[in-house]
Number of protein chains: 2
Amino acid sequence: MPKQIDTILINIGQLLTMESSGPRAGKSMQDLHVIEDAVVGIHEQKIVFAGQKGAEAGYEADEIIDCSGRLVTPGLVDPHTHLVFGGSREKEMNLKLQGISYLDILAQGGGILSTVKDTRAASEEELLQKAHFHLQRMLSYGTTTAEVKSGYGLEKETELKQLRVAKKLHESQPVDLVSTFMGAHAIPPEYQNDPDDFLDQMLSLLPEIKEQELASFADIFTETGVFTVSQSRRYLQKAAEAGFGLKIHADEIDPLGGAELAGKLKAVSADHLVGTSDEGIKKLAEAGTIAVLLPGTTFYLGKSTYARARAMIDEGVCVSLATDFNPGSSPTENIQLIMSIAALHLKMTAEEIWHAVTVNAAYAIGKGEEAGQLKAGRSADLVIWQAPNYMYIPYHYGVNHVHQVMKNGTIVVNREGAILG
Amino acid sequence: MPKQIDTILINIGQLLTMESSGPRAGKSMQDLHVIEDAVVGIHEQKIVFAGQKGAEAGYEADEIIDCSGRLVTPGLVDPHTHLVFGGSREKEMNLKLQGISYLDILAQGGGILSTVKDTRAASEEELLQKAHFHLQRMLSYGTTTAEVKSGYGLEKETELKQLRVAKKLHESQPVDLVSTFMGAHAIPPEYQNDPDDFLDQMLSLLPEIKEQELASFADIFTETGVFTVSQSRRYLQKAAEAGFGLKIHADEIDPLGGAELAGKLKAVSADHLVGTSDEGIKKLAEAGTIAVLLPGTTFYLGKSTYARARAMIDEGVCVSLATDFNPGSSPTENIQLIMSIAALHLKMTAEEIWHAVTVNAAYAIGKGEEAGQLKAGRSADLVIWQAPNYMYIPYHYGVNHVHQVMKNGTIVVNREGAILG
């Protein structure tokens, strides 16, 4: 008697299961297991089988989805976003066009502080609606799991408001969200002369955040004009003691040693890393800290010096990619475009890129055992692409190659028949 | 008695009519007329009025479209595409990742010659279906008029096949197409030792192309390793004598003097212009030749030296923008992303960018009197954007901000309620 299951996907032209026993570092990022002419079986939101045609023998499904030769992969994971914010900063773009640097804009009260003003002023409901719109758009590009940081409050009420919005979103729509408390995102005007006191304020929120289960990670912006390495060390050590996983915005502009600190503290991830030193790269590799690169931000800031992905991979670092979706330095929800920028400007191969937006991205947010891979027992989070093979996605840039997105075994995005823009 | 018309758009948050008496050059590209709280009236495919609220007085419409504060602009014009081709070149991306230059790939028989092989092999029906898919996607990003080049045949049968496909597309779907004969796109292997003879072969096709009304323009790739300035001069002069408007792929890589030639011959447009000299920029300004810049190509080739848009605008050149959609150096249909790259890397302001993708783009393909502006008597080709103002489109990159697209007064793309990815 055949076993009855909910759904079987047939005629998959190329299946990437991304099966891995852990995060893929260095050379192993190049070993991509590609299954041609494949099938996937799904029952009660979970994967039953994912492999070569024939794996479906002995099963019968209520629903057959004919993928007609399309590519199928796990749902994508975006491990670094600032999803919850008020307002938008399109007028600032013209400031940048006049060559004013990001740090100068910050000094003039623009930049992140204008988003802080708008986020403090917005109601929880307004933040929820706006973040929901952007999150729906992320989902439509194939992102089924994402990380969301606070960091536009820089005071208790708004930081917790942002984290509550992220929690409500997690509970009310398809994309699984992991929250990061990033009160240490910038020094608010009222603390310009006493950043240490400000950090103590932010640290004082940790018990409440822990108790209300509002965040799993803590993050800090270690940069010239923001927080020093020693301030960051103190802050992150306290956060670790309070039971938070550690993340750090490291060496985005200057090579202060953020990567070295991340390695020393065994942070789960170090992000940005544009200016990271050779020593810093070594420390990341030794500690197994995942390098979350954000090439969209370098592109958006009009710069041409990108993070040294090739040196990191050669050193054995586990590399991931993210949109860094935020209103100031990377206003985009399109992780497929980030994959293209990674190929064109980080010179990562397609094989490395696919590991960077599935397996490694999931481990970078503590979801390595749940997301980023298609194997028996895991959630049936997958994308059916309007593309014949895995190279096509980073190759054909700036559009949306999603045909359908499935979350927990249910089709949540269906672009069948829509003009595919 | 109120005059009865088909449609009135109300509650337009910002209306850009782009009204201009001709192409906008230099400083005048910065003067953008923005109408807040506006209306547009449409009857029998044409604009009746487009202006401030109140302009609708005395009219009644069968259909009212409430734009709910959204931005409305003319439909976008993409003045440089290689839409009709066979195959795709995603595998080549990995070659490029190993640092092999575009000209070296050409020399190895890859690059454009692999697309020539695939285009020659494809049937007219296959080319039509594939081009239709990509064109639908262009339309979904707001492009309502576009130019299409041949140039992947490099012999009579396939060049004419491409041009016939473009003509059929023009007649069978919403986007208005203008065709350019670009047989002089590369030197096929069989003519490597005698490019002059090859150019004569291509020139011999002009009477038939003219007679079957298959193209309005002729174009040539003037570049190291392709055609010299003197070969290009001879070719273009003959094309002009045969009644074709002139276009030229000028100074894409090396400053050979393509721009100077374009000015001398009063070409309608000179395209690429990454390496153009100061002298060349002057010649373009003097001749009124429109500079069609292709920043997506520079981005895609992983380069950081972009065309000098600022110098061109300061010199009084009329600047336009295009996707350069092609399988090798710019596989994207998303002209909105080109607008973002123009802001971020060409340092063009939002005001200049809007002129570059409407008015100037239309004049660059001989459609200045029909497309790119919303004024009484013109086709009702317009976009209703999911955005509050005109700066937002280039600011928020890599996604699709179209809410609805109207062509000749009919909604042809409706993303109302769709997950806006």
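Proteins get letters first, then strands, A, B, ... in listed order; numbering begins at 1 in each.
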Check whether any side-chain N or O of B:Asn334 sits under 3.5 Å from a backbone N or O of A:Val399 as a donor-acceptor pair, and report yes or no. no

With chain B as the partner, which of A:Met348, A:Glu333, A:Arg310 has the greatest number of non-hydrogen pairs under 4.5 Å? A:Glu333

With B:Thr119, which residues qualify under side chain to side chain donor-acceptor pair (under 3.5 Å), at least two apart? none

Side chain, backbone, both or neither: which part of B:Met138 has a heavy atom under 4.5 Å from chain A? neither

Kindly state each residue pair satisfying salt bridge (charged side-chain N to carboxylate O under 4.0 Å, His left out) with at least one member in residues 386-397 of chain B, sequence neighbours excluded. none

Residues 388-397 of chain B vs chain A, non-hydrogen distance cutoff under 4.5 Å, contacting residues -> B:Pro388, B:Asn389, B:Met391, B:Tyr392, B:Pro394, B:Tyr395, B:His396, B:Tyr397

Residue part contacting chain A, namely of B:Gln336, when any heavy atom lies under 4.5 Å: neither

Heavy-atom distance under 4.5 Å to chain A: side chain of B:Lys303, backbone, both or neither? backbone

Turns out that what part of B:Phe299 lies under 4.5 Å from chain A's heavy atoms comes down to both

Residues in salt bridge (charged side-chain N to carboxylate O under 4.0 Å, His left out) with A:Lys407, at least two apart? A:Asp176, A:Asp381

Would you compute the distance between atom OG1 of A:Thr349 and atom CE of B:Met93 and round it to the nearest 0.5 angstrom? 11.0 Å

Between A:Leu344 and B:Leu301, is the side-chain contact (heavy atoms from CB on, under 4.5 Å) condition met? List the steps. CA-CA 7 Å; A:Leu344 300 170; B:Leu301 296 175; over 6 Å; no

Of all of A:Ala350, A:Ser88, A:Ser304, which one pairs up most often with chain B through heavy atoms under 4.5 Å apart? A:Ser88

